[in-house]
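Reckoned from all heavy atoms, side chains included, excluding hydrogens, waters and symmetry mates. In this text the structure is predicted, and so the values were computed from the model without any measurement.
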Amino acid sequence: MNSEQQYIDLYQQARQMICQHSCDVMNSVRDEAFEAFQAAGFPTRKEERYKYTDIQTLFAPDYGLNLNRLAIPVDPYQAFRCDVPNLSTSLYFVVNDAFYRGEKKEEGGERPQALGRLPEGVVIGSLREFATSAYYNLLAAKADDAVTNLNTMLAQDGLYVYVPKGVKVDRAVQVINILRSDVDLMVNRRVLIVLEEGAELKMLFCDHAADDRRFLATQVIEAFVGENASLDLYCLEETHYKNVRVSNVYIDQQANSRVNHNVITLHNGVTRNRLDLTFSGEGAECQCYGCVIADKQQHVDNNTLITHKVAHCTSTELYKYVLDDQATGAFAGRVLVEHGAQKTASQMTNQNLCSTRQARMYTQPMLEIYADDVKCAHGSTVGQLNDAALFYMQQRGISLKEARLLLQNAFINEVIDHMQLIPLRDRLHHLVEKRFRGELNKCEGCRLCK
């Protein structure tokens with residue numbers, strides 16, 4: 001049986017149940033996504049954007065799904081404590097693929113404790129309750145991607161974030177994605193972010209796996225960033241080696257908007273991150289940063305496409321990997337400058353360290369330019385730690401192990417230093433050091449698995 005056949009059979013048999021526990025907006029696009037998935041199936045490694053990750057093998061196992069929406073017996077407020085002190089976020093939870101509607105109770109009392117006041121008009125809640133057809137699946141449908149289509153036909157809930165015109169959300173919004181199950185489980189999570197003209201928002205997603213089970217998580221994030229709006233989006237993964245995560249992020253930027261996108265992988269099993277960002281209005285800019293620390297047999301694949309459709313836009317990409325043991329890393333970045341997108345400025349950089357001969361890194365930066373008045377550059381490096389620097393430090397009494405750690409820290413911290421949330425930046429410096437020392441063996445901040 002092909003990997004996709006089990007999902008085709010599942011949808012045909014359980015379509016009514018899936019729709020019953022979702023909403024009209026999400027249900028209205030399921031059949032179209034199913035038809036596209038049925039026609040194309042999963043991509044093979046012969047397809048350019050999937051050449052470094054075998055999607056068919058990842059989706060071949062028969063995972064369970066919670067299509068009947070049975071309640072998960074967990075209070076995330078009791079299970080989770082924030083491990084980023086002084087960040088002062090508005091805190092929300094998504095348990096598996098469902099927005100958690102419970103509220104934190106004051107200690108010793110029954111009255112709900114405020115999560116941090118949101119400005120008037122800002123909405124953060126369940127997709128089932130707030131999803132709007134004006135935005136839902138508009139970017140995802142254009143991608144014509146098999147995993148996105150699979151997510152669209154199976155997702156039943158997720159997170160909706162809306163910031164109205166001119167509103168600035170000063171307090172960062174932190175969303176904890178908790179994977180929780182007593183059996184192997186597939187989770188299909190959906191996120192829709194809408195920022196109207198002049199709106200500002202900082203969002204931090206933290207992925208944690210609370211149980212020692214195999215998880216297969218698909219995630220689709222659609223973000224609409226209006227004219228003069230600003231979005232900072234941080235995605236931090238701290239799961240475990242049994243976890244498979246396939247995340248597709250689609251961002252549309254209007255004129256003079258700003259996006260700062262950061263993806264950090266500290267612990268994982270197999271991870272495949274896709275970013276499709278489109279400039280639809282002039283004067284917009286984006287900064288995309290990624291850092292990966294992987295060892296054992298972990299696999300991390302970051303694939304990006306930045307499309308300059310209009311003139312006077314600026315994009316910057318910097319991705320860094322440190323690979324140890326038999327870990328595998330991949331970065332494929334493509335910048336597309338369309339006809340008429342004059343005065344485009346673009347810089348793409350991918351730098352990588354392989355600490356062992358068994359570690360493998362695949363890198364493929366690409367420029368595709370159809371305009372003649374642009375400033376675009378790309379570059380990539382793959383190497384090992386500098387022997388001369390290691391020798392110099394050892395001559396001054398620093399052990400080889402400590403010297404390696406210091407150089408690895410300095411290498412990866414260039415990415416972390418670009419983060420705008422200073423408490424998060426400081427905490428990540430600490431977590432990265434613990435990761436290199438082998439002391440970060442599971443998600444920090446989660447009491448479930450302690």
Side-chain angles (χ1 to χ4, degrees), residues 3 42-61 145-147 207 209 214-219 235-249 262-275 288-305 317-334 348-366 378-385 404-405 407-409 411-412 415 432 435-436 438 440-443:
S3 298
F42 285 118
T44 68
R45 298 184 72 168
K46 294 181 180 180
E47 295 189 33
E48 185 67 27
R49 296 200 71 174
Y50 284 95
K51 65 191 298 184
Y52 302 118
T53 301
D54 190 348
I55 290 294
Q56 292 193 353
T57 299
L58 295 181
F59 282 82
D145 176 78
V147 176
D207 280 19
R214 294 189 309 158
F215 291 100
L216 171 60
T218 74
Q219 175 177 266
C235 300
L236 170 63
E237 182 180 5
E238 286 185 86
T239 55
H240 56 56
Y241 74 98
K242 293 183 180 180
N243 190 70
V244 175
R245 177 181 185 266
V246 183
S247 176
N248 294 345
V249 178
N262 296 261
V263 56
I264 307 104
T265 305
L266 292 184
H267 254 302
N268 74 308
V270 177
T271 297
R272 206 270 180 174
N273 297 315
R274 168 174 172 161
L275 170 65
C288 304
Y289 300 104
C291 69
V292 174
I293 303 173
D295 55 15
K296 301 181 179 64
Q297 293 181 327
Q298 295 168 341
H299 176 97
V300 184
D301 177 0
N302 282 294
N303 189 292
T304 69
L305 169 62
E317 291 181 84
L318 174 62
Y319 281 75
K320 288 195 169 190
Y321 291 61
V322 176
L323 306 177
D324 206 344
D325 300 330
Q326 293 84 41
T328 303
F331 172 80
R334 178 177 167 220
M348 181 196 307
T349 306
N350 173 224
Q351 297 175 335
N352 313 282
L353 285 178
C354 292
S355 299
T356 67
R357 291 184 178 274
Q358 292 74 36
R360 292 289 182 268
M361 182 67 203
Y362 302 92
T363 178
Q364 188 180 20
M366 296 171 281
H378 64 26
S380 67
T381 59
V382 180
Q384 297 179 325
L385 292 174
R404 289 169 59 89
L405 185 146
L407 291 177
Q408 288 174 333
N409 261 319
F411 178 79
I412 212 75
V415 175
V432 165
R435 178 70 172 89
F436 283 132
L440 189 66
N441 297 319
K442 57 186 176 184
C443 338

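- Counted by atom type alone, Y321 and N302 present one or more donor-acceptor pairs between their side chains at under 3.5 Å.
- Contact of the Y319 side chain with the M348 side chain is not registered, since no non-hydrogen atoms from C-beta on lie closer than 4.5 Å.
- Residues L275 and L305 have side chains not in contact (no heavy-atom distance under 4.5 Å, counting atoms from C-beta outward).
- For the pair E317 and F331, the minimum side-chain heavy-atom distance is below 4.5 Å.
- The distance from atom OG1 of T265 to atom CD of Q298, rounded to the nearest 0.5 Å, is 9.5 Å.
- N352 CG to Y362 OH: the interatomic distance, rounded to the nearest 0.5 Å, is 12.5 Å.
- The two atoms that bring T304 and G333 nearest to each other are OG1-CA, 3.3 Å, heavy atoms only.
- Cation-pi geometry between K320 and F411 is met: under 6.0 angstrom from the ring centre, within 45 degrees of the axis.
- Residues R360 and R357 share a closest heavy-atom pair of NH1-O, 2.6 Å.
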Practice prompt. Would you please test I264 and L266 for side-chain contact (heavy atoms from CB on, under 4.5 Å) and show each step?
Written response: CA-CA 6 Å; I264 307 104; L266 292 184; 4.0 Å; yes
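- Separating the CG atom in D324 from the CZ atom in R435 is a distance of 8.5 Å, to the nearest 0.5 Å.
- At least one side-chain heavy atom of V382 sits under 4.5 Å from a side-chain heavy atom of C354.
- Looking only at atom types and distance, the side chain of Q56 has no donor-acceptor partner in the side chain of S3 under 3.5 Å away.
- At a threshold of 4.5 Å between non-hydrogen side-chain atoms, the residues L318 and V415 count as touching.
- With values rounded to the nearest 0.5 angstrom, R272 atom CZ is found 12.0 Å from D54 atom CG.
- Side-chain contact check for Q358 and Q297: no donor-acceptor pair (N or O, by modelled atom type) lies under 3.5 Å.
- The shortest side-chain heavy-atom distance between I293 and H267 does not fall under the 4.5 Å cut-off.
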Discussion item. As a quick check of understanding, evaluate side-chain hydrogen bond (donor to acceptor under 3.5 Å, both in side chains) for H378 and T349, giving each step before the final call.
Written reply: CA-CA 6 Å; H378 64 26; T349 306; over 6 Å; no
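- In summary, the side chains of T239 and N268 do not present any donor paired with an acceptor at a separation below 3.5 Å, with no hydrogens or angles considered.
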Item to complete: Evaluate side-chain hydrogen bond (donor to acceptor under 3.5 Å, both in side chains) for N303 paired with R334, printing each intermediate quantity in order.
Response: CA-CA 8 Å; N303 189 292; R334 178 177 167 220; over 6 Å; no
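- Counting only heavy atoms from C-beta outward, the side chains of P365 and N350 never approach each other to under 4.5 Å.
- If you run side-chain hydrogen bond (donor to acceptor under 3.5 Å, both in side chains) between R245 and each of N273, T218, T271, only N273 comes through.
- Closest of all the heavy-atom pairs between L216 and L58 is CD2-O, 4.2 Å.
- Here the CZ atom belonging to R274 is positioned 4.5 Å from the CG atom belonging to D145, to the nearest 0.5 angstrom.
- Side-chain contact check for Q408 and S355: at least one donor-acceptor pair (N or O, by modelled atom type) lies under 3.5 Å.
- In this structure, the side chains of R214 and P61 come closer than 4.5 Å at one or more pairs of heavy atoms.
- Considering all non-hydrogen atoms of both residues, A330 and Y52 come closest at CB-CB, 3.6 Å.
- With hydrogens and angles ignored, the 3.5 Å screen pairs a side-chain donor or acceptor of T44 with a backbone N or O of K46.
- A donor-acceptor contact shorter than 3.5 Å links the side chain of D325 to the backbone of K296.
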Discussion item. Checking F59 against F42 for the ring-ring contact (aromatic ring centres under 6.0 Å, His included) test, could you report, in this order, the C-alpha distance in whole Å, the side-chain angles of both residues, the deciding distance, and whether it holds?
Written reply: CA-CA 9 Å; F59 282 82; F42 285 118; 4.8 Å; yes
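- The line from CG of D295 to CG of L323 is 9.5 Å long, rounded to the nearest 0.5 Å.
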